[in-house]
Number of protein chains: 2
Amino acid sequence: MTRPAPRTTPESADDMDVRKAAVLAAVITAHIDTAHPVGSQTIHGSAGISASPATIRSELVALERSGYLQQPHTSAGRVPTEKGYRYFVDHLGRGKLSPPKVQQLSSFIGSVQGELKSVYEQISTKLSDVTRYPAVIVGPGHINTTVRDAHLVDFGQRRILIVLTMSDMDVQKLTVSLDFDVSTQDVTDAAQQLKALLIGTTVRDRFELPAVSTTPARLVRHAVEAIWSEAGETEGEQVFVGGTSKVADSFDTLETTRQVLDVLEKQLVIVSLFKDLLQRGASVSIGSEHGYLPLAECAVVVAPLTIDGQNAGAVGLLGPTRMKYGEAIAAADVVSEQLAGRLSVEAQRG
Amino acid sequence: MTRPAPRTTPESADDMDVRKAAVLAAVITAHIDTAHPVGSQTIHGSAGISASPATIRSELVALERSGYLQQPHTSAGRVPTEKGYRYFVDHLGRGKLSPPKVQQLSSFIGSVQGELKSVYEQISTKLSDVTRYPAVIVGPGHINTTVRDAHLVDFGQRRILIVLTMSDMDVQKLTVSLDFDVSTQDVTDAAQQLKALLIGTTVRDRFELPAVSTTPARLVRHAVEAIWSEAGETEGEQVFVGGTSKVADSFDTLETTRQVLDVLEKQLVIVSLFKDLLQRGASVSIGSEHGYLPLAECAVVVAPLTIDGQNAGAVGLLGPTRMKYGEAIAAADVVSEQLAGRLSVEAQRG
DNA sequence: TTCTGGCACTCAATCCTACCGAGTGCCAGA
DNA sequence: TCTGGCACTCGGTAGGATTGAGTGCCAGAA
């Protein structure tokens, strides 16, 4: 009666000892593999656990009491709960991706050619192929290459189209609507000034604009402001989903398949979900944690895409709650790192 | 023995009379609705058929002998064969889309705003919403608006970027690699000439190019030829798939869902399938008709996108063999017509 | 000749029952 | 604290009976 009462209260913070953790890990690993409830016998067979089935059973009871596991029915084995997966992801299953797969991803990302969009598309497809889960890449629509040339095209009715040729041979365009009239000469002059101002800069560079006195100068000011605000927006953000067909592999009912496809179609939802998670500093969301109902049976793995210190997007994977977290997290990390590196280099080359 | 032998030989061309056709139509309609085998009793109940079940049964036997129907097992009703569906599509089920739906589609297509790609995307999604099948739109990457402005940007190493601003505020770019050196002045001069030549023309317009004498002229010739060949290619063709999530609704096993998703992902496959069908003048492919195995359990409905007499793409729908052909065909037709009209108008406005 | 009502027949689907065995909880002894 | 033993639970499977939707055939009516 003098002991400091390590009474096994459910939900107590330190209700987990080494063996319990091992058992939990074994249950989860096995369940991810087989999708079936896992019994004491199976665990007894797994590496690293020497206790007898009977002992394991008592551990299982404890784990169930603490909410890490549950029993579908009396005479069945145990299945992980969301809490169980969470503990696993946070403390245990930091399994890595197999080196050849890492290699495969890295070298692929290094070698992809073509336009930015096509790069995203190819990489998301590759990531999906490697992990066998549908993959999502949210990336900047254009990287911060420098302006190589600038033109203004007057479309009348006070609409001016700005065409920027970037140093990576990409072309950006945007429209400004003016609240004053301009002559052809004004546009020509403005274009001249705009070139002088912008060529060699990044659309993210900010500098003092000359005071406005003439019409061309007003036009230039409008144009530059439009360009800067466009660049500041996360507009132009691109979303790519690779491996849609893997949805049908990952889930075992048509209904959840439908729902997941639906979410992937509504790219806004996915993007905001990713942003939510990243903002909370989370890299994994399990089941209903994110509070978004249609994805209640899913797990989401996400890695931030950080380019030159700036948050520029995300790399994500969707799977069932019994997904291979270790692999998935590692894969998303590899892709986000490599891709960020690549984009950063390209941006500098500009 | 003297009769002209109207012996009911299977496969005979005229083995179909009015009542048989009605019965066949009834079977197919019912089966499309319920997905179950259809019996004589059910048909007896359908509108337009007054014969008794017994009579209908003998018709069913005949239809089965001719290969239009089949029985999953002795004591079950009948299910249409591919041949049955084919006859239905060709001679019977020219069911139309309900006027409100037609209206909905037309007005939507008329009102969609934004860039061409976004237009395709929105329309394919809408088409999918209306029909409840995944929809595909293959369209030209850019419509033949006229050139409004042209620029050349020298990227060194004999690479020149051509930037064309089109009259619809779209911007097209392409690169030419030269086999001779050019000076800055050459590029400036060439740009001047290029503008003179191209502004106001369509990238499909062809005209005599001036004889080549100077370096700028050579450059211009290269540029124009590049533009023309790019426009001539079906390159720049855009593919959009709307309503991917409807795949899971349309098929009843995860396996076919997977396969269909897979095909939709590989857009090349879909496009070439569409082209095949259109080339053969077909608008519907049922089951294995197209010979593409993974889609053996699917039906494909496709309508050509004809802009100003030119074949410019396609509008397609995918569904199970028991899809609502009438509706689907009508919907695809409406969309292809309206979209073609819209694009044609836009092209002319240029 | 064509249609129809009647009838015997077939066979997938459904339900019931019994049984099996994976897995459990509990307990007594090491 | 761990372990072997044991009785117990209960979902899954297999066999067997039952049902009923649907058939093919036939004889008589139109």
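Just so we're clear, the structure is a prediction, and the values are computed from it rather than from any experiment. To find a chain, count down the sequence lines: A is the first, B the second, and so on, and within it residues start at 1. For the numbers below, each heavy atom of this structure counts, side chains included, while hydrogens, waters and symmetry mates do not.
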(message) Please tell me whether A:Thr55 and A:Ser52 have a donor and an acceptor in their side chains that are separated by less than 3.5 angstrom.
(response) yes
Rounding to a whole Å, what distance do you find between [X]:[atom1] and [N]:[atom2]?
{"X": "A:Arg65", "N": "C:dG25", "atom1": "CZ", "atom2": "P", "result": "9 Å"}
{"X": "B:Leu63", "N": "D:dG22", "atom1": "CG", "atom2": "P", "result": "17 Å"}
{"X": "B:Ile43", "N": "D:dG22", "atom1": "CD1", "atom2": "C1'", "result": "11 Å"}
{"X": "B:Glu59", "N": "D:dC25", "atom1": "CD", "atom2": "P", "result": "15 Å"}
{"X": "A:Leu60", "N": "C:dT24", "atom1": "CG", "atom2": "P", "result": "6 Å"}
{"X": "A:Asp17", "N": "D:dT1", "atom1": "CG", "atom2": "C1'", "result": "12 Å"}
{"X": "A:Gln71", "N": "C:dG23", "atom1": "CD", "atom2": "P", "result": "11 Å"}
{"X": "A:Ile56", "N": "C:dC26", "atom1": "CD1", "atom2": "C1'", "result": "17 Å"}

Within less than 4.0 Å of OP1 or OP2 of [N], is there a side-chain N or O belonging to [X]?
{"X": "B:Arg19", "N": "C:dC3", "answer": "yes"}
{"X": "B:Arg78", "N": "D:dG22", "answer": "no"}
{"X": "B:Thr55", "N": "C:dT2", "answer": "no"}

(request) Would you give a per-nucleotide map of nucleotides 6-15 of chain D, 5' to 3', where B means the base has a protein non-hydrogen atom under 4.0 Å away, S means only the sugar-phosphate does, and - means neither? (result) ---BBS----
(request) Check every strand shown and say whether B:Ala54 touches a base, only sugar-phosphate, or nothing at a heavy-atom separation below 4.0 Å. (result) base
(request) Remember a base hit wins even if backbone is also touched, and classify A:Ser40 as base, sugar-phosphate or nothing at under 4.0 Å, heavy atoms. (result) sugar-phosphate
Specify the closest pair of heavy atoms between [X] and [Y], including all atoms of both residues, with the distance to one decimal.
{"X": "A:Met323", "Y": "A:Ala328", "value": "CE-CB, 3.7 Å"}
{"X": "B:Ala76", "Y": "B:Gln71", "value": "O-NE2, 3.1 Å"}
{"X": "B:Thr321", "Y": "B:Cys298", "value": "CG2-O, 3.9 Å"}
{"X": "B:Ala21", "Y": "B:Met16", "value": "N-SD, 3.7 Å"}
{"X": "B:Ser124", "Y": "B:Val241", "value": "OG-C, 4.0 Å"}

(request) Only one of B:Asp249, B:Thr257, B:Thr244 passes side-chain hydrogen bond (donor to acceptor under 3.5 Å, both in side chains) with A:Arg258; say which it is. (result) B:Asp249
(request) Using five base pairs at each end, measure the axis-to-axis angle across the helix from C:dT1-D:dA30 to C:dA30-D:dT1 and round it to 10 degrees. (result) 30°
(message) Go nucleotide by nucleotide along DNA chain C from the 5' end; which of B:Pro53 and A:Glu64 gets its closest nucleotide reached first?
(response) B:Pro53
(request) Look at the side chain of A:Val61 and decide which nucleotide, out of C:dG25, D:dG24, C:dC3, has an atom nearest to it. (result) C:dG25
(request) Any chance you could lay out the salt bridge (Lys or Arg N to Asp or Glu O under 4.0 Å) test for A:Asp129 and A:Lys246, step after step, and finish with the verdict? (result) CA-CA 9 Å; A:Asp129 280 349; A:Lys246 269 131 204 147; 2.6 Å; yes
(message) Would you call the rings of B:His31 and B:Tyr85 parallel, tilted or perpendicular, taking 30° and 60° as the class edges?
(response) tilted
(message) Check this for me, if you would: do A:Lys96 and A:Glu327 make a salt bridge, where the nitrogen-to-carboxylate-oxygen distance has to be below 4.0 angstrom?
(response) no
